[in-house]
Amino acid sequence: MKEAPGITGLILNEPLLWEKGKKGRRGFSLPRRDVDFCPLDENLTSKTLDFPDLSEVDVIRHYTRLSQWNFGVDTGMYPLGSCTMKYNPKINEKQARLQGFAGAHPLLPHTLSQGALKLMFELERLLAEITGMDAVSLQPAAGAQGELTGMLLIHAFHKSKGIRRSKIIIPDTAHGTNPSSAALCGYRPVHVKSNEQGVLSVEAIAEVMNEDTAGIMVTNPNTLGLFEKNLKEIAEIVHSKGGLVYGDGANMNAIMGMVQMGQIGADIMHLNLHKTFSTPHGGGGPGSGPVCVKKHLEPFLPVPRVAQESDRYVLSEDFPESIGRLHAFFGNFGVMVKAYSYIQSMGPDNLKKASQLAVLNANYIQEMLKGTLHLAYDRPCMHECVFSDKLQQPHKVMTLDMAKRLMDYGFHPPTVYFPLIVNGAIMIEPTETESKEDLDLFIEACKAISNEAQQTPQLLLEAPQKCKVRRMDETAAARRPCLAG
Amino acid sequence: MRYLPHTDEEIASMLQAVGKNSLDELFSTIPEDCRCTGILDLPEPLTEWELNDLMDALSSTMAASPEYTAFIGAGSYDHYIPESVSYLLTRSEFVTSYTPYQAEMSQGTLQAIYEYQTLAARLLGMEVANASMYDGASALAEALLMAIRITRKSAVAISSLVHPHYRRVVQTYFEPTGYQVVELPRLENGRTDLSPIHGINNLAAVAVQSPNFLGCIENLHLIGENAHDKGALFVSCFTEPLAYGLIKNPGSQGADIACGEGQSLGIPQSFGGPGLGMFASKMEHVRSMPGRLVGQTKDLEGKRGFVLTLATREQHIRREKATSNICTNNSLCALAAAMYMASVGGTGMCELASLNHDKSEYLKQELQKTGFKIGFNTPTFNEFVVEFPKGFDVTYQRLLEKKIVAGLSLAPFYPDLANHYLLCVTETRSKEDMDALVREVTS
C-alpha cells in the first residue's frame with residue numbers, strides 16, 4: 001500500500017498548568033489604573049486565588065504542545081459515524097470573529113442589532129426550506145437541547161388540547177439523547193425494534209401507538225445509515241391517533257435537497273448546525289440545535305422570536321402559548337453565523353451534491369470493505385455504513401482493538417459499539433469532504449489491520465503505539481475518580 | 001465547489017465500484033414519493049469575496065465596542081480578551097476535533113479540559129467542576145434538577161434576583177415535571193428575602209445569584225445556613241465569575257452546587273452565545289452531576305494521561321435514566337476560559353477583579369455626587385442600579401446617538417423599578433468614558 005499518514009510525530013512533553021510558572025509572572029496586559037483604590041468590606045473579600053502565574057510564552061507553548069496531541073478534521077480523516085466530521089471552512093470562522101458580531105451585546109435596542117437579527121431571520125427561512133418545515137427556532141444550544149425543545153413542544157401541543165400523554169415511541173436505533181430528552185419531559189420511552197431490514201415496520205408502530213402515546217422520535221436516515229422507507233405510513237398511523245412525529249436531524253447530511261422531512265410526515269425536526277452545516281465541533285461544542293416545526297406547532301416555539309416589521313427586524317415575546325426560553329439569550333449566535341455563511345457559499349445545488357457525495361463515499365467504503373469486515377445489513381446505505389467485528393472475533397480481536405490500531409495508521413477511528421443493536425458495531429461516516437485517495441488509504445489501512453488480526457493480533461491488542469500515550473486505563477479512572485489537580 | 005474534492009472521473013469510477021449508474025440511483029432505497037421533486041429554493045452560491053461583502057454589511061450595522069461605549073452587563077460582559085488567547089483558540093487541532101471519545105488521539109483536549117475543571121473548581125471554591133454546560137441559564141436549571149435527584153424532594157426556591165432569563169429557562173425545564181418553583185422576593189437593600197422558605201415543604205434547593213441581577217453581593221453564608229437548616233441544597237449561581245477574584249466564592253460560603261455563566265473568562269459576547277455554562281459541586285454528589293467529566297489516569301506503561309470518565313451517568317450509556325440529556329457541550333469555550341485564567345493568573349485575577357470593582361465604584365460615586373440616587377446600599381462588584389429622573393428614556397436615546405449605552409432599563413424585568421437602570425463598568429471602560437457619561441446624563 002501507499003504509505004499511511006501515521007508515523008511517530010514530533011510530540012513534546014508538557015506538564016500540567018500548575019506544575020509550571022513562578023509566582024509574580026503574568027501573561028496578561030492589565031489595563032492602566034485610572035481610578036483610586038476603593039477597598040470593599042473585608043468580610044466580603046477573599047485574599048488569594050490559587051491559580052498558577054504564567055508568562056505569555058508559558059501559555060502559548062503549553063497550549064501549542066497540547067494541541068499537537070490532538071487529532072482534528074484538519075489533521076486527517078475523522079470518519080466518526082453519526083457525527084458528520086466534515087471539513088469546517090475557514091472563511092466562516094472569520095465571519096463569526098467580525099467585531100460587529102463578536103463584540104455585540106445581546107440586550108441592546110433592536111435598532112442597534114439589525115444585522116444579527118436579519119441573519120437569524122434569514123437563517124430560519126433557509127433551514128425551513130431545507131427541511132420542508134414552516135417555522136424555526138434557533139435557540140437550542142445543541143442537538144440534545146433541540147430534542148428537549150421538541151419534546152416540550154409536543155408536551156405543550158397536547159396540553160393545549162387538554163390532554164396529557166405519558167409515553168413516546170423510540171426505535172432501538174435511536175441515539176441515547178432521544179430517550180433521555182424524552183425522560184426530562186416526563187415521557188416514558190416505548191422501545192420498538194427495527195425489522196430484519198434494519199428499518200421500522202408499519203406493523204410494529206401500529207401495535208404500540210395509542211391514545212396515551214404522545215408521538216414518535218425517529219432518526220432518518222437511522223443510525224444504521226438506512227432510510228426509514230415506511231416513515232410516511234408510520235406518520236399517518238401516529239397522526240391518526242393524535243400523536244406527533246419528531247424527526248432527529250442528526251443524519252440530515254444524507255438527504256439535503258433529496259428529501260424534505262416536512263413533506264413526509266415529520267411535525268418537528270431538529271438540526272445540528274455543527275454536523276450538517278459544517279460548523280466545527282470544537283472538541284465537544286459549542287454546537288447549535290435549531291428546531292424546525294410545521295405550522296400547527298409554531299405558536300409553541302421558544303421566545304423571543306425574530307420577526308420582520310416592514311423594513312426592520314425585532315425580537316418578540318408576544319407568543320402566549322410559547323414553551324418559554326431555553327437559553328439565556330438567543331442561542332449560540334456565533335455558530336449560526338458560520339452555518340449561514342456555509343449555506344450562502346454552497347447554494348442549493350452544492351448542498352444537494354454534498355449529500356450525494358456523502359452517500360457515494362459511504363457506499364464506496366461499504367462496498368470495498370464488505371468481506372474484510374462483517375456488514376451488519378447488506379443493503380445500499382445512506383451517508384454511513386455499519387460493520388461489526390464478527391469476522392475478527394475468532395482471532396480474539398475486537399472492535400476496540402481495530403479502532404485503536406487505526407490510530408497507528410493515522411486515521412481517527414469510526415464510532416464504535418454504536419448503534420447498540422449491532423454487536424461490536426463499527427460505524428463509518430466518511431462525509432463528502434473526503435477525497436477518493438483518502439478513502440482508498442483508509443480502506444487499505446482497514447484491510448491491513450484485518451490481516452494483522454489474523455497473523456499478528458498482538459499488534460492490535462497493544463495499539464496504539466504511535467500516539468502521545470498508550471492505551472488508557474479507563475476502569476481505574478472511573479473507580480478512583482481524579483477530576484481536579 | 002472548493003469543499004467537494006471529487007472529480008467527474010472519480011465519481012464515475014466510484015459509482016462503477018458500487019454498481020450504480022448515477023448519483024441519483026444511490027438513493028433508490030428512498031421511495032419515489034418521499035423524494036424532492038424540484039430544487040431547493042435557496043439563494044445561489046456566493047464567492048468568498050461576495051460572502052465577505054455580505055457579512056461585512058450585516059456586521060457593520062451592529063453596535064459593538066469599541067465604536068460604542070456600552071455600560072451594560074446583565075449577563076454578558078465586555079472584558080478584554082488577550083490576543084494570545086484568541087490566537088491559541090484558532091489551533092485547528094482543538095477546533096476541528098470532536099468529543100474526546102478516543103482518548104489516545106485526544107490528549108490535548110482532555111488535558112486542557114482537566115485543567116479547566118481544576119481552575120474552575122478553584123475559582124468557585126468547589127471540589128469538582130464538569131467539562132461545561134451550554135450556558136449559565138441551562139446550568140442553573142440542571143443544578144436544580146440535580147438537587148431534586150439528590151434530596152428526592154420536589155420543590156425549589158429561587159431568588160427573584162437571579163437573572164430573569166435564567167428564571168424563565170428554569171420554568172421551561174420544570175414545566176412538564178410537576179416540581180414546584182417558588183420565587184423569593186427582594187429586600188429593601190437589594191438582597192434576597194429568605195423568609196418564605198420556612199413555609200415550603202419538601203424543599204430540595206435554595207438558589208440565589210451573587211452578585212445578583214441588581215449587582216448586589218448576597219450574604220451567601222447566611223443563605224447556605226438557612227438552606228441547610230431546611231434540609232435543602234444551596235445552589236449558588238453567577239453571571240460574573242470574575243467577581244471571585246475579589247469576593248468570597250460560593251464554595252467557601254457553603255454552596256453545594258455552584259453554577260453560572262463563564263463568558264467573562266475570555267469568551268466574546270457574540271450577541272449572547274456561545275458562552276460557557278460552568279457547573280461545580282461537592283465531590284459527594286459527583287455521580288448525580290450532569291455533563292462530561294475528564295479524569296486523570298495512566299496508560300498501560302504507567303504514563304499519566306486523561307480520559308472521559310464516570311460515563312455511566314450519561315445519556316449514551318444510561319439512556320432514559322441518565323442524569324441529563326446533554327451530549328455536545330461548550331468545550332471550546334471551556335478551553336478559552338482555561339487559557340484566559342492561565343494567562344491572567346492568580347495574582348492577575350485578583351488585580352483585575354479589584355480594578356473592575358474600583359472603576360465601577362468611581363462611576364457610582366460620581367453619579368451620586370451629581371445627585372442621582374443609587375438604587376441599593378448593599379456592596380456591589382462591577383454592576384449597580386441607579387435611579388434616574390422620570391423621562392430619562394429621552395436622555396438614553398440621545399446618548400445612543402452619541403454611541404453611549406447608558407445601562408439597561410430594569411422596568412421590563414421589575415415593574416416596580418421604573419426609571420431604574422443597571423449599569424456595568426469593566427476594566428475596558430476608562431475614567432474618561434465614565435466622566436463623559438456623567439457629563440452627558442447631567443447635561
Side-chain angles (χ1 to χ4, degrees), chain A residues 27-28 31 34-35 38 46 49 51 53 63 66-67 69-74 95 98 100 102-104 106 112 114-115 141-142 144 155 176 179-181 183 185 280-287 324-325 328-329 332-334 347-348 350 356 363 435-436 467-470 472 477 482 484-485, chain B residues 1 5 10 18 23 40 42 45 55 58-59 61-64 88 91-93 95-99 103-105 107-109 118 134 137 168 172 176 248 268 270-274 295-297 299 305 309 315-316 319-320 322 325 327-332 343-346 358 361-362 427 431:
Chain A
F28 182 73
D34 52 6
V35 297
C38 181
S46 92
L49 183 57
F51 281 8
D53 283 357
Y63 287 104
L66 258 54
S67 76
W69 306 345
N70 246 23
F71 189 94
V73 175
D74 287 4
Q95 313 305 348
L98 288 169
L112 300 180
Q114 285 297 297
H155 190 267
S180 66
S181 298
C185 245
H281 286 67
R325 265 183 185 273
F329 298 107
N332 286 342
F333 176 74
N350 286 318
Q356 289 176 326
N363 275 284
S435 67
K436 181 171 178 297
C467 295
K468 168 70 170 61
V469 291
R470 299 289 302 280
M472 302 302 301
C482 172
Chain B
M1 203 320 139
E10 284 173 324
V18 301
L23 288 172
L40 291 173
L42 301 174
M55 302 306 275
L58 286 173
S59 65
T61 66
M62 303 292 293
L88 283 171
R91 294 287 309 189
S92 76
E93 299 91 332
V95 177
T96 71
S97 58
Y98 190 48
T99 303
E104 298 83 0
M105 243 179 173
Q107 283 299 301
T109 295
T118 303
Y134 308 129
R168 188 88 198 265
T172 305
K248 286 180 176 156
S270 283
F271 204 49
Q296 183 178 306
T297 185
D299 73 0
T309 194
Q315 44 76 25
H316 62 282
R319 300 177 82 82
E320 66 264 29
N325 70 335
C327 178
T328 287
N329 44 84
N330 280 27
S331 187
L332 198 65
S343 299
V344 180
D358 296 352
E361 286 302 307
Y362 174 80
E427 78 281 1
K431 180 167 174 294

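The shown structure was predicted, so the numbers you read here are calculated from the model rather than taken from an experiment. Lettering of chains follows the sequences in order, A, B, ..., and the numbering in each one begins at 1.
Within the 4.5 angstrom heavy-atom criterion, only side-chain atoms of B/Y362, from C-beta onward, approach chain A. Within the 4.5 angstrom heavy-atom criterion, only side-chain atoms of B/E361, from C-beta onward, approach chain A. Residue contact with chain A, scored on non-hydrogen atoms closer than 4.5 Å, involves the side chain of B/T309 exclusively. For B/R91, the part sitting under 4.5 Å from any heavy atom of chain A is the side chain, from C-beta outward, and nothing else.
In plain terms, the two heavy atoms of B/E10 and A/K436 that are nearest each other are OE2-CB, 3.7 Å. The two residues A/A142 and B/Y134 make their nearest non-hydrogen contact at CB-CE2, 3.5 Å. Taking each heavy atom of B/R319 and A/S180 in turn, the nearest pair found is O-CB, 3.2 Å. Minimum interatomic distance between B/F271 and A/F329 (heavy atoms only, all atoms of both residues): O-CB, 4.5 Å. When all heavy atoms of A/D34 and B/K431 are compared, the pair lying nearest together is OD2-N, 2.8 Å.
Here the NE2 atom belonging to A/H281 is positioned 12.0 Å from the OG atom belonging to B/S331, to the nearest 0.5 angstrom. Expressed to the nearest 0.5 Å, how far OG1 of B/T109 lies from CZ of A/F71 amounts to 12.5 Å. Distance check: B/M62 CE to A/Q114 CD gives 9.0 Å after rounding to the nearest 0.5 Å. Taking CG of B/L42 as the reference point, atom CG of A/N350 lies at 11.0 Å (rounded to 0.5 Å).
Ranked by non-hydrogen atom pairs under 4.5 Å with chain A, the options B/P176, B/G295, B/A64 are led by B/P176. Considering only heavy-atom pairs separated by less than 4.5 Å from chain A, the leading option among B/S92, B/P5, B/P268, B/S97 is B/S97. Counting heavy-atom pairs closer than 4.5 Å to chain A, the top residue among B/M105, B/M1, B/M55, B/E427 is B/M105. No other option in A/S181, A/A141, A/G72, A/A102 has as many heavy-atom pairs under 4.5 Å with chain B as A/A102. The candidate with the highest count of non-hydrogen atom pairs below 4.5 Å against chain A, out of B/A137, B/S270, B/G345, is B/S270. Counting heavy-atom pairs under 4.5 Å between each of A/G287, A/A144, A/S435 and chain B puts A/A144 at the top. For the set B/T99, B/N325, B/V18, the count of heavy-atom pairs under 4.5 angstrom toward chain A peaks at B/N325. Interface check for chain B: of the options A/G324, A/A477, A/S67, A/P31, the most heavy-atom pairs under 4.5 Å are formed by A/S67. When each of A/G103, A/G334, A/A484 is checked for heavy-atom pairs under 4.5 Å with chain B, A/A484 comes out on top. Contact count versus chain A (heavy atoms, under 4.5 Å) is highest, among B/A103, B/G273, B/G305, for B/G273. Annotation: maximal heavy-atom pairing with chain B below 4.5 Å, among A/A183, A/G347, A/G282, A/G27, occurs at A/G282. Across A/G283, A/C185, A/G485, the residue that shares the most heavy-atom pairs under 4.5 angstrom with chain B is A/G283.
No donor-acceptor distance shorter than 3.5 angstrom exists from the side chain of B/S59 to the backbone of A/G100, with no hydrogens or angles considered. B/E104 places a side-chain N or O within 3.5 Å of a backbone atom of A/M472 that can act as its donor or acceptor partner. The backbone N or O of A/R325 sits less than 3.5 Å from a side-chain atom of B/T172, completing a donor-acceptor pair.
Put simply, the side chain of B/N330 reaches to within 4.5 Å of the side chain of A/N332, judged on heavy atoms.
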Determine whether A/L98 and B/L58 satisfy the following criterion, side chain to side chain contact (heavy atoms under 4.5 Å, CB included), listing intermediate values before the conclusion. CA-CA 10 Å; A/L98 288 169; B/L58 286 173; over 6 Å; no

